[in-house]
Structures are given as structure tokens and as C-alpha cells.
Amino acid sequence: MRIIKTKDYARMSSAAANIIAAQITLKPNCVLGLATGSSPVGTYKELVAKYENGDLDFSQVTSVNLDEYKGLSPENDQSYRYFMNTNLFNHVNIDKAKTSVPDGLEADSDKACRDYDEIVAKTGGVDLQLLGLGHNGHIGFNEPCDHFEKGTHCVNLTQSTIDANTRFFENADMVPKQAYTMGIQTIMSAKKILVVVSGADKADIVQKAFFGPITPMVPASILQLHPDVTVVGDAAAFSKIS
Ligand code: F6R
């Protein structure tokens, strides 16, 4: 595991964007696994800037996102499809037909998950998977539980995740209680994994996830077994690491 410690969120974002840009430059038709949330917003801004400068071409890139709230449409401004469009896809020359997010409007959970596993499989595999880290150690929406879920599945979000996401909604009642998420095996199948973490509120979970025991109660801890993981974080997020 490679740890890259940066001064602050802005430097974390540019370091992460440089890694993604290098991936796209080395393999223009690469498959990117993408995440939403606050952690990668700066990374996406940096990628848009590189595209606008003429330094990056997304025309051959395929992407698959980690997760989507069950019940939210792509037009809902809290859906992860909407997030990806507004933070990245609308601003670069990626072919939206080659971008995938689980279908939040598919009410049949089994079908939604099967369909998404098929979409991911058809890409031929993720070259670089970008991840954020939840306060409870979740990656995607793989919440702490007694086993690692393999493929895409429907999760009941934990209270801690609902609380963390309430800031994006009018009130806690409006936060969806279920989501579709890629499973741990799919995430672990990516050739390379890039985690972005920032802020003192992530310091405890960074310590547990990357330096503590490997357990499904801290889903991100499984990343310790992946052969090519880079964690880019700011000083505050690494403050509990000696
Ligand atoms: C988002 C996702 C989540 C977030 C995590 C951290 O697609 O899968 O696992 O990465 O909840 O969120 P932030 O970055 O908002 O702290």
C-alpha cells in the first residue's frame, strides 16, 4: 500500500487527479471506477481543468460508478448519476453512453444488481478504481457487516451513513434508506485502487482501515490485501498514523 500524504484537500485533489490523468494517458481506452461524495469533488475539478487545458482526452474512457440510491432518478439532484454529470461528465469529452451508474429506478433489487454486474463484467474489468472512505469504514455502500458481500447488492444504509448524508438533503427523512452498490469482490478486482481521504474526522477510520485488523466490520480493511492500492490523504486524515 502506497501512502501519499499531502498538506491539504487541494493538494490531495491534485495528487489524485495526476494519478487518474496518468492512467488515462497511458491507456486512453481505460475503464475507470468512480466514486461520489465530498472527497473526490476536488479531484474531478482538477480533471476538468486538465481537459480544458488540452492535457486530457476522455473520448475513449469507459466508467462504472460504485453506487446509487435506490429510488432516485438520474434527474434528482441527490442521485449519484446527477452528481457525476454535474461534477465531471458534463464538463469533459467522455461519451455518456460509456458511463454507468446502477439504475436507482429499477425497483426489482435482484434485477438491478444482476444487470449492473453484467455491465461491469462487459467492460472487461476496471483499470483504476477511485474510492472515498466512509466514517464507519464503508467503501461504496458496503456497510460494516459479518461478511464481505461479493457482487452488486442492495443495502440498507446504516444510521451513521444516513446521518452523514443528511447534509445533502432537506432533512433526515428525505435520505433514501437503501442503495445499490458494487460488492467488495468487484472493487477488489480492479487492477489499481486509489483512495482519497481528508479531514480530521477521518483520522480514526484511516488508522483502523489501513493499519488495523482486516474485518468485514471495517469493509475498507480488505484493501490491505490488494496488491496496488494508493491512499492519498491530507495531513489531518493521517494524523493518527505514526
Ligand atoms: C460514494 C461512496 C461512499 C463515499 C463515502 C465517503 O460513491 O461510495 O463510499 O465515498 O461515504 O464520502 P465522503 O467523501 O463524502 O466523505
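Counting starts at 1 for both ligands and their atoms, in listed order. Here, residue 1 is the first one in the sequence, and each next residue gets the next number.
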Side chains of N18 and K50 only: does a donor on one sit below 3.5 Å from an acceptor on the other? yes
Are T99 and R81 linked by a side-chain donor-acceptor pair shorter than 3.5 Å? yes
Going by the atom numbers of ligand 1, which of them fall below 4.0 Å from some non-hydrogen atom of L66? 8 (O)
Mode of D67 contact toward ligand 1 - side chain, backbone, both, neither (heavy atoms, under 4.0 Å): side chain
Which atoms of ligand 1 have any heavy atom of H138 under 4.0 Å away? 3 (C), 5 (C), 9 (O), 11 (O)
Specify the protein heavy atom at minimum distance from atom 15 (O) of ligand 1: its residue, its atom name, and the distance to 0.1 Å. S38 N, 2.8 Å
Any N or O on Y80 sitting closer than 3.5 Å to an N or O of ligand 1? no
Polar side chain donor-acceptor pair, Q224 to H226, under 3.5 angstrom: no
Identified side chain to side chain contact (heavy atoms under 4.5 Å, CB included) counterpart of V196 within the set D234, V231, T43: T43
Nearest atoms (heavy-atom pairs only) where L34 meets S63: CD1-CB, 3.7 Å
Closest to atom 6 (C) of ligand 1 among protein heavy atoms sits L133 O, 3.5 Å
Do the ring centers of Y69 and Y80 come within less than 6.0 Å of each other? yes
For G132, the atoms of ligand 1 under 4.0 Å from one of its heavy atoms are 10 (O)
List ligand 1 atoms under 4.0 Å from R167, heavy atoms only on the residue side. 15 (O)
For K202, the ligand 1 atoms whose distance to one of its heavy atoms is below 4.0 Å: 13 (P), 16 (O)
Is the closest heavy-atom distance from E143 to ligand 1 below 4.0 Å? no
So which bit of T181 gets within less than 4.0 Å of ligand 1, heavy atoms only: side chain, backbone, both or neither? neither
For atom 1 (C) of ligand 1, what's the nearest protein heavy atom and its distance? T36 OG1, 3.1 Å
Using non-hydrogen atoms of the residue, decide whether H135 is closer than 4.0 angstrom to ligand 1. no
Can you list the residues that meet the side-chain hydrogen bond (donor to acceptor under 3.5 Å, both in side chains) rule with K208, with sequence neighbours excluded? none
Donor-acceptor pair, side chain of D127 and main chain of V31, under 3.5 angstrom: yes
Take K192 and D228 through the test salt bridge (charged side-chain N to carboxylate O under 4.0 Å, His left out) and record every step on the way to the result. CA-CA 5 Å; K192 294 190 184 89; D228 192 342; 5.0 Å; no
Closest to atom 3 (C) of ligand 1 by heavy-atom distance, out of A35, S39, G140, A220, is G140
